[in-house]
J.: 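I'd like to ask some things about the structure below.
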Amino acid sequence: MSAQLPHFSTPADAFKTYASVNLVGGQHCKTASSLDVINPANGDVLGQAAASDAGETAFAVQTAKEAQKAWAATPARDRGKAVAAGARAVLEQAEMISQILARETGKAIRTECRGEVAVAADIVEFYGGLGSELKGETVPYNPRMLTMTTLEPLGVVAAILPWNVPLVLMALKIAPALVAGNSVVVKASEEAPFATFLFAEIMMAHLPDGVLNVINGTGKDCGDPLTRHSDVAKVTFTGSEAVGETIYKVAAERIIPTSLELGGKSPMIICADADLDKTVAGAISGMRFTRQGQSCTAASRIYVHADLKDAFMAKLTAQLNEMVIGDPLDEATDIGTIINAKQANVINGFVAQAEATDGAEVIRVGKLPDDAALKPDLFMQPTLLVGLPADHPCVMQEIFGPVAVIETWSDYDDVIEKANATHYGLAASVWTKDLSTALDSTSKLNAGYVQVNQNLTIQPNVSYGGFGRSGLGKEASLEAMIAHFTRSKTIVMNFD
Ligand code: NAD
């Protein structure tokens, strides 16, 4: 192990240290090109991250391949212990990772970034305890024959990350992959790579060199050659539907397993008997307003029963009004910034379509910051769209911003049909005190992650993943590790 435990006194030190650097084989490997990483809150250039090309990407895969054999031969519990030690070391530097994350993503340090580091470390530690669960089966066949299955690692796993929750999404990929005996090449998000680098480098100090590697670059010059590399045995991707589709096609050419966590348009169905206070709190947390709605699981279609509509809207807008939109680094801030101008344009485009729709109402809540040090165009108020037709683009498509569609319902079958009407199927929630409504609706909703009376985020050991165009495969659980990071071999021994 040559990887050193990194220590930075300030986030700026980290940006300088990771300038044009990939973390490969436990080393800082300089890349020929770099790209700017911007602080979305004020437009400052934070630093220059690596912009890897196909050759630099291939070097990481080659290094991972060389390290994987010995790692696979390491007892599974020992692999798990090393991974868990990495998680505990991450927690010791949680504040520095959070400070970096807030600067590069624009997410508020108090409401988002600290929680993200803690959840990511928790997921890694959870998987660290599962090494001994990589068990096979024996099959009764003939007393003089032994028929059994064993679980083997796949080889080199490519893990491609988006910018919205990069640490949690990295944890969901690297921890089960490593514990199962694979080596990993992480492709960080070029929008927000630095916290990913620090988190991973802390873990690397507890792992053999080359078992975990992190590279950065654009999708075209780094992500694509990574996916195409003949030594990559599996791709696990979280990101947009369009890129997920491309990756799936590329992986199909080599017939390698692929996990995809893509978009969502998750319905939240509020029944007439729901607890109003809990439902309003659930709508705010479920919509991920503190993450500027930049969440694939965002409860972005809220179907509220006609009997509760007025009370719900009054309470929701009052509570959203209390939320502070501002500098992500300010401890008073609840809501930070959109990641970049491209994403802000997409969101504004959707809202403009709603504004141009007859009978629709666009309700913007809260006060935008007036701090001259902040870049005003990336701050956005929580926005509620009321009275849209059921097939409106704002109802059917993922907006990935702080924009929720609110619709009133009174016919149960109709609301279930509407909830299932998009091509997504990531998450859904139902709010009711009635057990039969809860059981019936959860069985009918077309979503991979359905909750009743809560809108929680990812929890260790609770399988998470979508149906339809929301993706393929599950994450976060023991079953996910076995299904997606191992292969089952059948062995038949005949002593007859
Ligand atoms: P994106 O798809 O643009 O990029 C994701 C990653 O893929 C980046 O690292 C990018 O560089 C890389 N990439 C781009 N083109 C590639 C290619 N051709 N080959 C290989 N890699 C390529 O997504 P984003 O803008 O970073 O993130 C936002 C999207 O992520 C949203 O659409 C959201 O729904 C989705 N998301 C889904 C989940 C989930 O769990 N389902 C979670 C978070 C985000």
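Whatever order the structure lists them in is the order used to number ligands and atoms, beginning at 1. Bear in mind the structure is a predicted one, so any value in this text is a computation, not a measurement.
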J.: Answer yes or no: does an N/O atom from L161 fall short of 3.5 Å to an N/O atom of ligand 1?
T.: yes
J.: Would you mind telling me which of E398, R469, E241 makes a side-chain hydrogen bond (donor to acceptor under 3.5 Å, both in side chains) with Y424?
T.: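 With Y424 as partner, E398, R469, E241 yield a single side-chain hydrogen bond (donor to acceptor under 3.5 Å, both in side chains), made by E241.
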J.: Which residue and atom name correspond to the protein heavy atom nearest atom 12 (C) of ligand 1, and how close is it?
T.: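 For this ligand atom, the closest protein heavy atom is I160 CG2, 3.7 Å.
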J.: Considering only non-hydrogen protein atoms, determine which one is nearest to atom 38 (C) of ligand 1 and report residue, atom name and distance to 0.1 Å.
T.: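 Result for atom 38 (C) of ligand 1: C296 SG, 2.7 Å.
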J.: Does atom OH of Y248 have more than 12 heavy-atom neighbours from other groups under 6.0 Å away?
T.: no
J.: Nearest non-hydrogen contact with atom 2 (O) of ligand 1 belongs to which option: G264, S240, G239?
T.: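 Residue with the shortest heavy-atom distance to the ligand atom: S240.
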J.: Between ligand 1 and S470, is the shortest N or O to N or O distance under 3.5 Å?
T.: no
J.: Check the surroundings of atom CD in E95: do more than 12 heavy atoms from other residues, nucleotides or ligands lie under 6.0 Å from it?
T.: yes
J.: Once you restrict to heavy atoms under 4.0 Å, what part of E191 touches ligand 1? Side chain, backbone, both or neither.
T.: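 Contact part for E191 vs ligand 1: neither.
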J.: Counting only heavy atoms, which portion of L426 has something under 4.0 Å from ligand 1: side chain, backbone, both, or neither?
T.: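 Only the side chain of L426 comes within reach of ligand 1.
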J.: Could you tell me whether the side chains of D36 and Q48 share a donor-acceptor contact shorter than 3.5 Å?
T.: yes
J.: May I ask you to check whether T227 has an N/O atom sitting below 3.5 Å from an N/O atom of ligand 1?
T.: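 It does not: no N or O of T227 is found under 3.5 Å from an N or O of ligand 1.
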J.: Indicate yes or no for a side-chain donor-acceptor contact from N42 to the backbone of K375 under 3.5 Å, with no hydrogens or angles considered.
T.: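 A pair under 3.5 Å: no.
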J.: Considering only heavy atoms, does S295 approach ligand 1 within less than 4.0 Å through its side chain, its backbone, both, or neither?
T.: neither
J.: With a 4.0 Å heavy-atom cut-off (strictly under), which part of E241 contacts ligand 1: side chain, backbone, both or neither?
T.: neither
J.: Do you see a protein non-hydrogen atom under 4.0 Å from atom 4 (O) of ligand 1?
T.: no
J.: So does K30 have more than 12 non-hydrogen atoms from other groups sitting under 6.0 Å from NZ?
T.: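 Yes.
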J.: Look at the side chain of N348 and the backbone N and O of A344, then say whether any donor-acceptor pair between them is shorter than 3.5 Å.
T.: yes
J.: May I ask which of Q343, K220, E398 has a heavy atom nearer to atom 32 (O) of ligand 1 than the others do?
T.: E398
J.: At a non-hydrogen distance cut-off of under 4.0 Å, which region of L169 contacts ligand 1 (side chain, backbone, both, or neither)?
T.: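 The answer is the side chain of L169.
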